Structures are given as structure tokens and as C-alpha cells.
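Read through the structure below, which is laid out as C-alpha cells, and then see the notes.
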Amino acid sequence: MTDAGIQPPSSGLIAMRVRAEFGGVDEFTNAMERSLARGGERGATLVAVLDRGDLAIHIPREDGPCWNCVPLVHWHRGEPVDAQAWAPANAILERLERYR
């Protein structure tokens, strides 16, 4: 885990998709750290973009409205996101994949 509290998922569909979308654990962690720095107190959210089937990082009030997206995990700088936070995100992603 990094100092930002980011612990990437280690199993499930969400782990596979994070690695596929971001190029690996280190790249995902770096992208989240940069997004948290930009988001400041607002934090950053990993979202599933419904019309494209992609995962993306959304920064509230900076990236504009997040239409057609489903929030999966939200971070605030310094707050840890661990395996327990990834479980609901994995379940949501599995349901979304069924309907794609």
C-alpha cells in the first residue's frame, strides 16, 4: 500500500479490469495518486463508463458531470481503500458485465 492509502484489488473481475485498463498495478496507483492530488479534498472516484465499458477516474467538480457512469470506489486523500472496499465494486462490475 502506498502513502495515499491505495491498495489495488488483488482478485476478481475488478482486479483484471484495473490491470487491463491502466496497464498494471503500479500504473493504476500512480494514476490514482495524481488524481487525488488534483482532486484535493474532493477526492477521486473510480467509475465504470457504461457506454464504452471502460473504467476511468473521475474527479468531482473538476471533470464535470459524470453522466452514464457508475461509481465503484471513492478515495479521499489519506484514507485507505482496502479489500473490503473492493468487494462491492467487484460485485457491481460483475452485474454490469452481464448486461453489456
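These numbers come from the heavy atoms of this one structure, side chains and all, not from hydrogens, waters or symmetry mates. What you are looking at is a predicted structure, and each value in this text was computed from that prediction instead of being measured.
With sequence neighbours left out, H74 forms a ring-ring contact (aromatic ring centres under 6.0 Å, His included) with H76. Partners of E21 according to the side-chain hydrogen bond (donor to acceptor under 3.5 Å, both in side chains) rule, which considers only residues two or more places apart in sequence or in another chain, are R17.
Not one N or O on the side chain of N68 forms a donor-acceptor pair closer than 3.5 Å with the backbone of L50. In terms of modelled atom types and a separation under 3.5 Å, the side chain of D54 and the main chain of V49 share no donor-acceptor contact.
In terms of heavy-atom proximity, G12 sits nearest to N90 at C-OD1, 3.5 Å. For the residue pair A44 and L36, the shortest heavy atom distance occurs at N-CD2, 3.9 Å. Nearest heavy atoms, G43 versus P60: O-CD, 3.5 Å. Closest of all the heavy-atom pairs between P71 and T45 is CB-CG2, 3.8 Å. Smallest separation of non-hydrogen atoms from I59 and S35: CD1-O, 3.6 Å.
In the hydrophobic cluster analysis, where Ile, Leu, Val, Met, Phe, Trp and Tyr join through side-chain heavy atoms closer than 4.5 angstrom, V73 is grouped together with L96. L93 and V47 end up in different hydrophobic clusters when Ile, Leu, Val, Met, Phe, Trp and Tyr side chains are linked at under 4.5 Å.
Interatomic distance, CD1 of I92 versus CD of E97, reported as 13.0 Å (0.5 Å rounding). The CD1 atom of I57 sits 4.0 Å away from atom CZ of F22, with the distance rounded to the nearest 0.5 Å. For the atom pair CE of M32 and OG1 of T29, the computed distance is 9.5 Å after rounding to the nearest 0.5 Å. Taken to the nearest 0.5 Å, the CG atom of L55 stands 10.5 Å off from the SG atom of C69. Note that CG of L72 and CG of L46 are 5.0 Å apart. Values are rounded to the nearest 0.5 Å. Of the inter-residue distances, the one linking W86 atom CH2 with S11 atom OG reads 11.5 Å to the nearest 0.5 angstrom.
Counting only residues at least two apart or in different chains, salt bridge (Lys or Arg N to Asp or Glu O under 4.0 Å) contacts with residues 35-44 comprise R38-E62, R38-D63, R42-E62.
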